[in-house]
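Note sheet for the following structure.
FYI, side chains are in, hydrogens and waters are out, and symmetry mates aren't considered; it's all heavy atoms of this structure. By convention in this document, chain letters (A, B, ...) are assigned in the order of the sequence lines, proteins followed by strands, and residues within each chain are numbered from 1.
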Number of protein chains: 2
Amino acid sequence: MDPTRSLDLRVDRSSPVPLYFQLSQQLEAAIEHGGLTPGSLLGNEIELAARLGLSRPTVRQAIQSLVDKGLLVRRRGVGTQVVHSQVKRPLELSSLYDDLEAAGQRPATKVLVNTVLPASAAVAVALGVPEGGDVHRVERLRLAHGEPMAYLVNHLPTGLLDLDTEQLEATGLYRLMRSAGITLHSARQSIGARAATAGEAERLKETEGAPLLTMQRTTFDDTGRAVEFGDHIYRPTRYSFEFQLLVRP
Amino acid sequence: MDPTRSLDLRVDRSSPVPLYFQLSQQLEAAIEHGGLTPGSLLGNEIELAARLGLSRPTVRQAIQSLVDKGLLVRRRGVGTQVVHSQVKRPLELSSLYDDLEAAGQRPATKVLVNTVLPASAAVAVALGVPEGGDVHRVERLRLAHGEPMAYLVNHLPTGLLDLDTEQLEATGLYRLMRSAGITLHSARQSIGARAATAGEAERLKETEGAPLLTMQRTTFDDTGRAVEFGDHIYRPTRYSFEFQLLVRP
DNA sequence: AAGTGGTCTAGACCACCCA
DNA sequence: GGGTGGTCTAGACCACTTC
């Protein structure tokens, strides 16, 4: 019992890293690497706090962060248990570029359009800018192994970001935004499907009428400004949306 | 400044509802109803705590829960701000039934198959049960306004739940599971698209080759057991997946 | 320099679960 | 009844932002 006993947990009080974070990282690593097996009960919080020389609230904060990630479950009167695996990561604001890179696909991007033009009505509504005002428009073709995977149309407000075509081909849009100091906060997404038009079919090497996976997304920064509106189509034989959801308690 | 001053916040110490929760509910209601407008800065935590007769950690817990919901943003050295709207709810483990009901569509369900049979290899892997062992299989057609919207195939382990056909037609599977005492914890989803087969087209009143939206989902309870595996197809002209994502800080 | 949130402590009592 | 997590207090010091 109390598998944390054999874990060599320790905190460094001279580190600038918060104590609760040091602890949660070590517990997460132990869960990842098998030191804490699924289903096992952690020892109680008070004893754990005493062993580490921490206060109980600090230990609770560490444990709570792992509960929020779905790695641990607490039951009153019972204890804290490691979730029976299969749970990996909750959904993040995913970037196709990052997804492909994580899958070892070495994505390539062709920037087809990179311009500034007047906002259409739909774009103006999505971004919260005046209709007819200037917005960036970027059209990109994303390829993996030389095969087209997705056709990405994005609109962005002007003045937020330099949209350099070379950078757009070297990385993803989200990384560009983050490195420009934009703090992404939330996004509203809609995923659907429809038949390819003749033009879409040609760009994606599909046939007219072939099923396409579609996504529309508006992304907001932490002040609530819309910073990006995307209208994307994917070849469903090459791409699907995979994600993990946590039920909020 | 400090718009919380005009808000008539109060807590009831005789209530069994936690104080931090009482406070977070009142703040959330104020955000919802316009008492706290987007962008406005809440007064500082210490003063708020003093005004309510609470300790600072309790007030922080209330505020933190709204930060987790994406309604507030904290900035060190600055203060706590109401997010500029447009943010509504983060993604939840959605039930098609609930989604339709929320949209005022009064969904109808036809149970086409409700049986127990040996698990196929794919079902066995998804549910973590032995191949060839007994599992429930449920096939349902979901309709709105008399039009078919989705064809739902679900497999469940036996022994968890009574699957009564009448109840399945009156409500959603998730509600049945919850009322059977199952605590849903997480789900792994995959959303894609493909062309309809002849059989699928007939069931959904589409034509062969028409684009379909597909979802596969495995749902886990809080012990990590797989409690449900679903393989669903949707008519993309009638249904799309809409959701809000929060970026984890 | 002043004000904010971020972290941390050392206690306390309660509600719930299980034997 | 004994042990668990859930809630709560009244302080303290620090890091960061803004002026």
Side-chain angles (χ1 to χ4, degrees), chain A residues 1-5 10-25 27 39-68 71-83 181 183 222-223 248-249, chain B residues 1-5 11-25 27 39-68 71-83 181 183 222-223 249:
Chain A
M1 52 212 63
D2 192 356
T4 59
R5 238 171 229 288
R10 59 183 64 190
V11 293
D12 173 7
R13 303 194 85 101
S14 70
S15 160
V17 178
L19 301 176
Y20 79 88
F21 192 74
Q22 293 184 35
L23 177 55
S24 72
Q25 277 186 315
L27 291 175
S40 61
L41 255 79
L42 272 58
N44 75 56
E45 305 171 347
I46 294 165
E47 201 255 352
L48 185 55
R51 215 163 72 241
L52 289 166
L54 296 172
S55 69
R56 186 186 169 201
T58 302
V59 170
R60 275 185 67 78
Q61 195 175 356
I63 291 176
Q64 187 59 45
S65 72
L66 298 182
V67 172
D68 291 342
L71 297 174
L72 296 177
V73 184
R74 289 209 246 225
R75 296 165 196 274
R76 204 198 303 230
V78 178
T80 303
Q81 271 182 305
V82 180
V83 164
T183 307
D222 57 0
T223 70
R248 351 143 111 299
Chain B
M1 50 213 67
D2 191 357
T4 59
R5 239 171 228 289
V11 293
D12 174 7
R13 304 196 82 101
S14 69
S15 159
V17 177
L19 301 177
Y20 79 89
F21 193 74
Q22 293 184 35
L23 177 53
S24 73
Q25 277 187 316
L27 291 176
S40 61
L41 255 78
L42 272 59
N44 74 57
E45 305 170 347
I46 293 162
E47 201 256 352
L48 185 55
R51 215 164 69 241
L52 289 165
L54 297 173
S55 69
R56 188 184 167 203
T58 301
V59 170
R60 276 184 66 78
Q61 194 175 358
I63 292 177
Q64 186 59 46
S65 73
L66 298 181
V67 171
D68 291 343
L71 297 173
L72 297 177
V73 183
R74 290 210 246 225
R75 298 164 195 272
R76 204 200 301 230
V78 179
T80 304
Q81 270 182 305
V82 181
V83 164
T183 308
D222 58 359
T223 70

Revision key, fill the gap. Closest heavy-atom pair, L54(A) versus R13(A), reported as atoms and distance to 0.1 Å, is CD2-NH1, 3.9 Å

Review point. Nearest heavy-atom pair of L41(B) and Q81(B): which atoms, and what distance?
Key: CD1-CG, 3.2 Å

Can you name the atoms? Protein N/O to nucleotides 14-19 of chain C N/O, anything below 3.5 Å, with the distance.
residue: dA15(C); atom: O4'; partner: R76(A); partner atom: NH1; Å: 3.3

Point to revise | Counterpart residues, side-chain contact (heavy atoms from CB on, under 4.5 Å), relative to V78(A) (two or more places apart) | key: R75(A)

Practice item. Report which part of the nucleic acid R60(B) touches: base, sugar-phosphate, or nothing (heavy-atom distance under 4.0 Å, all strands). Key: base

Practice item. For Q25(B), check side-chain hydrogen bond (donor to acceptor under 3.5 Å, both in side chains) against everything at least two apart and list the hits. Key: none

Practice item. With a 4.0 angstrom cut-off to heavy atoms of chain B, pull out the first and last contacting nucleotide of DNA chain D, in 5'-to-3' order. Key: dT7(D) to dT17(D)

Practice item. Pull out every residue in residues 49-58 of chain A that has a heavy atom closer than 4.0 Å to any atom of DNA chain C, ordered by number, or say none. Key: G53(A), L54(A), S55(A), R56(A), P57(A), T58(A)

Study note, to complete from the structure: Residue pairs meeting side-chain hydrogen bond (donor to acceptor under 3.5 Å, both in side chains), one or both in residues 39-48 of chain A, sequence neighbours left out, come to R5(A)-E47(A), E45(A)-R56(A), E45(A)-R60(A), E45(A)-R74(A), E47(A)-R51(A)

Review point. Among all residues two or more places apart in sequence or in another chain, which pass the side-chain contact (heavy atoms from CB on, under 4.5 Å) test with R76(B)?
Key: none

Exercise for review: Answer with base, sugar-phosphate or nothing: what part of the nucleic acid does I46(B) contact at a heavy-atom distance below 4.0 Å?
Suggested key: nothing

Check your understanding: Does S24(A) have any side-chain contact (heavy atoms from CB on, under 4.5 Å) partners at least two apart in sequence or in another chain, and if so, which?
Key -> F21(A), A62(A), S65(A), L66(A)

Review point. Nearest-Å distance, CG (N44(B)) to P (dA2(C))?
Key: 16 Å

Revision key, fill the gap. D12(B) and L19(B) have their tightest heavy-atom pair at O-CD2, 4.2 Å

Exercise for review: Apply side-chain contact (heavy atoms from CB on, under 4.5 Å) to Q61(A) and list each qualifying residue two or more places apart in sequence or on a separate chain.
Suggested key: Y20(A)

Check your understanding: Taking only residues two or more places apart in sequence, or in another chain, which ones meet T183(B) in a side-chain hydrogen bond (donor to acceptor under 3.5 Å, both in side chains)?
Key -> none

